[in-house]
Amino acid sequence: MPGWLEVVVRGVLFLFVLFLTTKILGKKQLSELSFFEYVSGITIGSIAAEVMMGLENNIWHGIIGVAIFAVLPFFVEILSLHSKTVRDVVEGKGTVLIKDGKILEDNLKKEKYTTDELLQLLRGRDVFKVDEVEYAVLEADGKLSVLLKKDNRPLTRKDLDLPSINEKEPHTIVMDGEIFDEKLASAGKNRAWLKQELDKQNVTIENVFLGQVDASGQLTIDLYDDKIEVPTPQDKPLLLANMKKCQADLELFALATESEKAKRLYAANAKKLQESMDVLSPHLKG
């Protein structure tokens with residue numbers, strides 16, 4: 001067999017071997033590598049490259065070498081699942097860099113990080129002042145986890161004593177101009193509804209690159225032609241505006257009527273409508 005053809009055959013063979021190896025080891029090999037997995041990945045790649053180009057090497061010896069460095073991380077991962085000690089050695093532990101708002105210089109030096117690098121990590125978490133941080137940990141994968149001081153944390157609905165909102169994921173009903181009837185049915189809609197919504201925006205299905213329906217049943221679309229501006233759906237803002245008008249009318253009726261019974265009735269319903277708006281406003285704005 002000519003040398004160039006043997007390189008092609010070995011390359012294709014090891015491409016499938018490495019693909020199967022990565023599939024067996026799982027997605028973690030593609031995202032967060034431990035030190036052991038990092039070393040194993042480099043070694044597997046080196047073995048594959050050497051056997052592919054070194055025509056004098058036995059191809060099966062290369063496959064055995066790849067198998068060894070594929071199996072070892074697999075068993076180490078199993079041990080890590082059952083042993084905290086093994087997990088700490090193989091995957092590493094987080095290091096506290098900021099505690100009670102103070103930088104721990106010794107831990108910073110231990111991880112061989114400079115102050116500039118720490119500030120860069122903080123900026124990556126949208127934090128520009130160290131005195132805003134209560135607690136920061138450098139995780140084993142090199143990412144920085146930050147807990148802001150209470151006064152610097154974003155305001156939440158819980159802080160305002162508002163009821164929590166559990167939003168469901170949107171349904172992608174159109175992709176590349178193709179309608180997914182199953183997703184459409186899951187959203188409680190049909191093709192007639194979709195056509196009606198698209199007609200409102202003067203858009204044909206062939207021009208839709210992506211279409212999604214949110215938990216409230218509102219359709220949002222992205223077109224192939226980015227120069228065409230799709231108007232923002234106004235159904236929900238319009239409903240909110242009508243509710244505000246009704247609430248204001250009820251208050252006006254309460255002030256205008258001379259009947260005490262009618263005044264109490266108007267005022268009570270205006271209050272109920274205001275309470276409903278307070279709950280629905282986050283869903284209906286914009």
Side-chain angles (χ1 to χ4, degrees), residues 15-16 18-33 124-126 141 143 145 153-250 269-286:
L15 178 63
F16 282 103
L18 294 176
F19 175 75
L20 292 175
T21 301
T22 306
K23 291 288 286 185
I24 292 172
L25 293 178
K27 294 180 179 178
K28 191 176 180 182
Q29 282 283 335
L30 302 175
S31 55
E32 299 176 2
L33 297 177
R125 300 302 306 273
D126 296 328
D141 60 359
K143 295 179 181 178
S145 298
R153 297 175 198 171
L155 199 63
T156 64
R157 296 182 62 83
K158 185 177 181 180
D159 295 329
L160 300 175
D161 292 327
L162 295 175
S164 61
I165 300 175
N166 296 323
E167 294 187 0
K168 296 182 179 180
E169 76 283 0
H171 296 277
T172 301
I173 60 173
V174 181
M175 186 180 293
D176 298 330
E178 180 184 353
I179 301 174
F180 298 129
D181 290 302
E182 183 178 348
K183 296 290 186 179
L184 199 57
S186 298
K189 308 296 182 181
N190 53 39
R191 291 199 175 211
W193 172 87
L194 176 60
K195 185 178 185 306
Q196 181 181 1
E197 292 298 312
L198 293 177
D199 288 343
K200 289 180 182 178
Q201 303 183 46
N202 295 321
V203 173
T204 61
I205 188 64
E206 292 78 11
N207 292 330
V208 179
F209 175 69
L210 183 71
Q212 293 182 310
V213 179
D214 61 20
S216 63
Q218 181 169 285
L219 174 68
T220 56
I221 59 175
D222 181 85
L223 303 181
Y224 280 107
D225 191 347
D226 295 330
K227 295 181 180 180
I228 300 177
E229 293 188 7
V230 179
T232 304
Q234 297 297 319
D235 293 347
K236 292 194 289 186
L238 185 60
L239 174 60
L240 181 60
N242 287 332
M243 292 178 68
K244 289 181 178 179
K245 182 180 182 303
C246 291
Q247 193 267 348
D249 287 342
L250 287 171
N269 283 284
K271 182 179 180 181
K272 288 182 180 179
L273 195 51
Q274 181 62 56
E275 292 173 351
S276 298
M277 286 192 296
D278 291 340
V279 175
L280 295 174
S281 288
H283 300 283
L284 299 179
K285 285 183 178 178

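One is the number of the first residue; the rest follow in order along the sequence.
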Could you list the donor-acceptor pairs under 3.5 angstrom formed by side chains in residues 269-276, with sequence neighbours left out?
| residue | atom | partner | partner atom | Å |
| --- | --- | --- | --- | --- |
| N269 | ND2 | L265 | O | 2.8 |
| Q274 | NE2 | D278 | OD1 | 3.0 |
| S276 | OG | K272 | O | 3.1 |

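Looking at heavy atoms from C-beta onward, D214 lies out of side-chain contact with T220 at the 4.5 angstrom threshold. Between L223 and V208, some side-chain heavy-atom pair lies under the 4.5 Å cut-off. Between N207 and L198, every side-chain heavy-atom pair lies at or beyond the 4.5 Å cut-off.
Put simply, CG on L184 and CG on L194 are 6.0 Å apart, with the number rounded to the nearest 0.5 Å. Going from atom NE2 of H171 over to atom NZ of K189 covers 10.5 Å, rounded to the nearest 0.5 Å. Taken to the nearest 0.5 Å, the CD1 atom of I179 stands 4.0 Å off from the CZ atom of R191. Within the model, atoms CG of D249 and NZ of K244 stand 14.0 Å from one another, a figure rounded to the nearest 0.5 Å.
Closest non-hydrogen pair, I221 versus Q201, comes out as CD1-OE1, 3.8 Å. Nearest heavy atom pair, residue F180 against residue M175, reads CE1-CB, 3.5 Å. The shortest non-hydrogen separation linking Q212 to T172 is NE2-OG1, 3.1 Å.
Panel note: side chain D176, backbone E178; no donor-acceptor pair is recorded below 3.5 Å.
Partners of K195 according to the salt bridge (Lys or Arg N to Asp or Glu O under 4.0 Å) rule, which considers only residues two or more places apart in sequence or in another chain, are D199.
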